[in-house]
There are 2 protein chains.
Amino acid sequence: MGEDRAMEANDAEGSVPDAGPEDTAARPHTGRRRNEAVRRAILDAALRLLVESEGAPITVEAVARAAGVGKQTLYRWWPSKGAVLLDALTDRAGQDVPPPDTGSLREDLRTVVAATFDAAQRAPWAPALRTLVREAATDPHLAELLRAYTGTRRALLRDVLDRGRARGELPADRDLDLVVDQVYGLFWYRFLLGHAPLDRAAAERLTDSLLAPGTP
Amino acid sequence: MGEDRAMEANDAEGSVPDAGPEDTAARPHTGRRRNEAVRRAILDAALRLLVESEGAPITVEAVARAAGVGKQTLYRWWPSKGAVLLDALTDRAGQDVPPPDTGSLREDLRTVVAATFDAAQRAPWAPALRTLVREAATDPHLAELLRAYTGTRRALLRDVLDRGRARGELPADRDLDLVVDQVYGLFWYRFLLGHAPLDRAAAERLTDSLLAPGTP
DNA sequence: ACTTTAACGAGACCGACAGTCTCGTCAAGC
DNA sequence: GCTTGACGAGACTGTCGGTCTCGTTAAAGT
């Protein structure tokens, strides 16, 4: 995803009036090339600040200074502050494990929920993610990116439920979107407010609550 | 609540060193009195902007201008922008109806959940509340006030559940805090993301999901 | 009436911060 | 060696929350 965003800013240059669409891709690249070390330095600095931030806002200048980079370099490759932060977070932490498929809905669901809760509790990315969500409140661009991200998470969980229902482990008329939202609703609510734990026990009880205790 | 906050700023004046605590309350009020019409004008203007905002941020200057008031007047009575906005919202919309106690947990829960969902869907305060939450992301003061508010909401729902459990409508070992968070978690998740409805049907299904369908 | 006190409207001012612009420099390819 | 574009540095702009100041005005005591 990081590369996609990075390119975005670049091909905006193709908007010369009446230049013809092939002009953008046709002209070979000349001049000095992008320095990969700089990209890494920016991403690393952003992630470090994000992790250490504990909810405090991050400034672009701080990221640039920490990376030893000019602000313009940053804005040359990312469209906004939020994009950099999200990129930094997903670049490292973003290897999504595929949801399990053990043949038992109860088992799969418990695993997914527990993993989600666990990641939010344990990881150093917890404060980072909290900060990111805060930034998203005032950064429409970031909000959109985050919305897309949560969308794929929902879809993944939805798949698990669909498989379970196909196996007859859930009544055919059960509202699966509601179940998905009950999981992530509780998750974000507790994650952002922090008034109650997101531990293993909570995951266990949530799973039991969603699958009626009597269900196989 | 409005009055309380308003006073807060005022008695800060009592912090003269070694003046004695009774000095604050003892000295009769002299000088020009607070103009109630101004308070109303500020609150009304803030609410109007909040309702019309549709998620867009509200500036203090806009509120002051809309109320025909100097910024200092605003800051004389409220400690921050967020406090004004929250005050404006709770001042009008804030008459909390006491939760029902019909003797049936299922009935009470359905009523509370449906009322909560309904209020968020129907009311013109929906965008206002969304804006407020957004502002809270960057305004620690407002975040604290909002946290307190949601705390009382949780406590109210918790009471309903406690009564139900006392009547034996819920197993004694059920995690009631989890149930509460499942309700408000889903609520805020859908309210803020807006990807799925918070209608009567959703309230119905959520209630059924929390109270095992077979329970009396 | 006169004085004191504090609220009021207006708006200058400050500090932070996102994002832009400019400039001198440096590397990649012709 | 010449053109092109990335780079670091940092000045600059615009916005906004919050403070400060000032001249005016209303309430209360004398």
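The chains referred to below are lettered A, B, ... by the order of the sequence lines, with proteins before strands, and numbering in each begins at 1.
- Residue contacts for A:Ile58: at a heavy-atom cut-off of 4.0 Å it reaches the sugar-phosphate backbone alone, with no base atom in range.
- The distance between atom OH of B:Tyr75 and atom C1' of C:dG11, rounded to the nearest whole Å, is 15 Å.
- If you measure from atom CD of B:Glu36 to atom P of C:dC8, you get 10 Å, rounded to the nearest angstrom.
- Comparing B:Thr73 and A:Gly31 by the nucleotide of DNA chain C that holds the closest heavy atom to each, the one mapping nearer the 5' end is B:Thr73.
- B:Phe191 and B:Phe187 have parallel rings, their planes meeting at less than 30° on a 0 to 90° scale where 60° marks the start of perpendicular.
- Residue B:Trp77 places at least one side-chain N or O under 4.0 Å from the OP1 or OP2 atom of C:dC8.
- As rounded to whole Å, 12 Å separates atom C1' of D:dA27 from atom CG of B:Asn35.
- Of the candidate nucleotides D:dT19, D:dC7, C:dA18, D:dT19 has the atom nearest to the side chain of B:Lys71.
- Look at CH2 on A:Trp78: it is 16 Å from P on C:dA18, rounded to the nearest Å.
- As rounded to whole Å, 11 Å separates atom C1' of C:dG9 from atom CD1 of B:Ile42.
- At whole-Å resolution of the value, CG in B:Leu74 and C1' in C:dA10 are 14 Å apart.
- Donor-acceptor pairing under 3.5 Å, judged by distance alone, is present between the side chain of B:Gln72 and the base of D:dC20.
- Closest non-hydrogen pair, A:Ala137 versus B:Ala137, comes out as CB-CB, 3.4 Å.
- Summary of the strand contacts: A:Glu61 and A:Gly68 both lie near DNA chain D, and taking for each the nucleotide with the nearest heavy atom, the more 5' one is attributed to A:Gly68.
- In this structure, the CZ atom of A:Arg76 is 11 Å from the P atom of D:dG5, given to the nearest Å.
- Under the side chain to side chain contact (heavy atoms under 4.5 Å, CB included) rule, B:Trp125 has a single partner from B:Leu47, B:Leu50, B:Leu132, which is B:Leu47.
- In this model, no donor atom of one side chain and acceptor atom of the other lie less than 3.5 Å apart for B:Asp177 and A:His195.
- One atom, CZ of A:Arg65, and another, P of C:dA18, lie 11 Å apart when rounded to the nearest Å.
- Closest approach of B:Tyr184 to B:Thr116, counting heavy atoms only: CE2-CG2, 4.2 Å.
- Judged by distance alone with a 3.5 Å cut-off, a donor-acceptor contact links the side chain of B:Arg32 to the base of C:dA7.
- Residue order along DNA chain C, read from the 5' end via each residue's closest nucleotide, puts A:Gly82 first among A:Arg33 and A:Gly82.
- Within the structure, every side-chain polar atom (N or O) of B:Thr30 is placed at least 4.0 Å from both OP1 and OP2 of D:dA28.
- Nearest nucleotide to the B:Ser80 side chain, out of D:dG18, C:dA18, D:dG17: D:dG18.
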